[in-house]
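Report on the structure given below.
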Amino acid sequence: MPEGVVMRALSGFYDVADQEGVRRCRARGVFRKRGITVLVGDRVKFEPIGRSEGIVTEVLPRKTELVRPPIANVDMALLVFSLRNPTFHTNLLDRALVAVSSENIEPVIVVTKCDLGTKDELEQAVTPYQKAGYKTLAVSVHAGHGVEAVQDVIFGHVAVFVGPSGAGKSSLGNALSPGLGLKMGEVSEKLGRGRHTTRHVELYQLNPETFVADAPGFSQLEITVASDQLRNYFPDFHEPALRCAYRGCLHVDEVDCGVRKAVAEGALLAARYASYRSLYEEIRHKEETKY
Ligand SMILES: Nc1nc2c(ncn2[C@@H]2O[C@H](COP(=O)(O)OP(=O)(O)O)[C@@H](O)[C@H]2O)c(=O)[nH]1
Ligand SMILES: [Mg+2]
Ligand SMILES: [Zn+2]
């Protein structure tokens, strides 16, 4: 049976691409009964019907899976956050970094709309993340700056845009490949986010080796890692943690904590630690009220 990749999903139909083109498929009824959802990015087997239709008969095992946006098999996430309009949202970025890294997907931070802010503001925004070892790129689609660097970094990958709505994800997608014709939204002054924005996840092939998925933005992101694992997704904590008195130190209220010392000494940004603490408390609270 032929295999293909789900490029988009819309109300019960799946557009499945293979070498011959794209077919509009339905999923087999048993999927729903077994609670199997077909995601964009899924590799599937399908039974062709005529020239342009078919039935998805099997979802092949996923390499990765993201809940928000819902997509399978991406190996890279472009965390798209605007420097301004909307304001650079560190807490959401910190959440996205945890969500993506914990699914074994490589994060790349893309700061957009750099034309709207100063060099200092950009540096302030990205330095803590560069120090933490994350790849960061600065882009202005309007000024035509930094787009090639994004093309280079995604080459050979299946990448998805992750970030708040209005951050410029679709605009960046169009800049990467003008043929895509992605819908872009005006950022409404009142809401501070985009209108007419992207509503579906959709995968596009940029060249034979490279895929990129546009996705709707979000303003909230739930973290599913356990509280005692959270520290593993803050790579900037690893080095100062070597000086914690306890090997299992969670960097919360233990004495002689190297991470908290680093914050006090200014070697670790207080905002990063504050993000960790608020995420930690939130996860703890959920764990305690679970039963
Ligand atoms: N100043 C400026 N505005 C941008 C840039 N990129 C996108 N925008 C604007 O930001 C708004 C939202 O863009 P869109 O791509 O729809 O964001 P999305 O919701 O993340 O897909 C639109 O009005 C774009 O014109 C940029 O580089 N500079
Ligand atoms: Mg969009
Ligand atoms: Zn510690």
Side-chain angles (χ1 to χ4, degrees), residues 37 39-42 61-82 86 88-112 125-126 128-139 149-170 172-173 176 198 200-204 206 210-238 269 271-273 275-276 278-280 282-283 286:
T37 42
L39 293 178
V40 171
D42 265 329
R62 291 171 183 151
K63 283 187 222 150
T64 65
E65 183 178 340
L66 259 187
V67 175
R68 203 175 252 199
I71 191 163
N73 297 326
V74 298
D75 60 1
M76 178 179 276
L78 298 176
L79 307 186
V80 179
F81 284 74
S82 48
F88 193 69
H89 197 328
T90 47
N91 183 269
L92 196 59
L93 173 55
D94 291 333
R95 282 170 180 271
L97 284 167
V98 174
V100 162
S101 319
S102 64
E103 292 300 330
N104 273 320
I105 297 165
E106 182 189 352
V108 175
I109 299 168
V110 181
V111 183
T112 53
V126 298
Y129 297 97
Q130 287 174 336
K131 275 196 187 162
Y134 294 112
K135 242 181 240 170
T136 68
L137 298 171
V139 171
V150 179
Q151 283 164 336
D152 289 348
V153 89
I154 64 175
F155 187 85
H157 290 279
V158 183
V160 61
F161 293 139
V162 174
S165 82
K169 297 180 294 300
S170 300
L172 178 59
L176 292 174
T198 314
H200 306 283
V201 183
E202 184 158 354
L203 196 58
Y204 300 88
L206 297 189
T210 312
F211 292 82
V212 72
D214 195 19
F218 49 82
S219 54
Q220 282 173 333
L221 188 60
E222 200 168 333
I223 298 297
T224 52
V225 305
S227 56
D228 62 353
Q229 299 297 309
L230 184 65
R231 58 192 166 167
N232 299 337
Y233 302 108
F234 281 73
D236 35 346
F237 291 12
H238 293 175
L269 201 80
R272 281 282 288 167
Y273 183 69
S275 261
Y276 172 77
S278 75
L279 274 177
Y280 179 85
E282 181 184 312
I283 296 168
K286 258 190 288 177

Excluding sequence neighbours, so at least two apart, what forms side-chain hydrogen bond (donor to acceptor under 3.5 Å, both in side chains) with [X]?
X    : answer
T210 : N207
Y134 : none
S170 : T198, D214
T90  : none

Ignoring hydrogens and angles, tell me if any N or O in the side chain of K169 forms a donor-acceptor pair with the backbone of P164 under 3.5 Å. yes
For V98, is there any backbone N or O sitting under 3.5 Å from a side-chain donor or acceptor partner on S101? no
Apply salt bridge (charged side-chain N to carboxylate O under 4.0 Å, His left out) to [X] and list each qualifying residue two or more places apart in sequence or on a separate chain.
X    : result
K135 : E106
R62  : D42, E65
E103 : none

All ring-ring contact (aromatic ring centres under 6.0 Å, His included) counterparts of Y204, not counting sequence neighbours: none
Nearest-0.5 Å distance, [atom1] of residue [X] to [atom2] of residue [Y]:
X    : Y    : atom1 : atom2 : value
I109 : L93  : CD1   : CG    : 4.5 Å
D94  : L221 : CG    : CG    : 11.0 Å
E282 : S227 : CD    : OG    : 12.0 Å

Applying side-chain contact (heavy atoms from CB on, under 4.5 Å) between L79 and each of V110, V108, V100, report the one that passes. V100
So among V111, L92, T112, which one has a side-chain contact (heavy atoms from CB on, under 4.5 Å) with F81? L92
Ring geometry between F234 and Y276 (parallel below 30°, tilted from 30 to 60°, perpendicular above 60°): perpendicular
Acceptor/donor pairs from residues 150-157 side chains to any protein atom, 3.5 angstrom cut, sequence neighbours excluded:
unit_1 : atom_1 : unit_2 : atom_2 : d
Q151   : NE2    : L176   : O      : 2.9
H157   : ND1    : D75    : OD1    : 3.3
H157   : ND1    : D75    : OD2    : 3.2

Among R95, R68, K286, which residue satisfies the salt bridge (Lys or Arg N to Asp or Glu O under 4.0 Å) criterion with E222? K286
Enumerate the salt bridge (charged side-chain N to carboxylate O under 4.0 Å, His left out) contacts for residues 228-238, please, sequence neighbours excluded, ordered by first and then second residue. D236-R272
For residues A213 and L203, report the shortest heavy-atom separation together with the two atoms involved. CB-CD1, 3.7 Å
Does P69 have any side-chain contact (heavy atoms from CB on, under 4.5 Å) partners at least two apart in sequence or in another chain, and if so, which? L66, V160, V162, V201, A215, F218
Run the side-chain contact (heavy atoms from CB on, under 4.5 Å) test against S102 and tell me which residues pass, sequence neighbours left out. V225, Y233
Do V74 and V158 come within less than 4.5 Å of each other through their side chains, counting heavy atoms only? yes
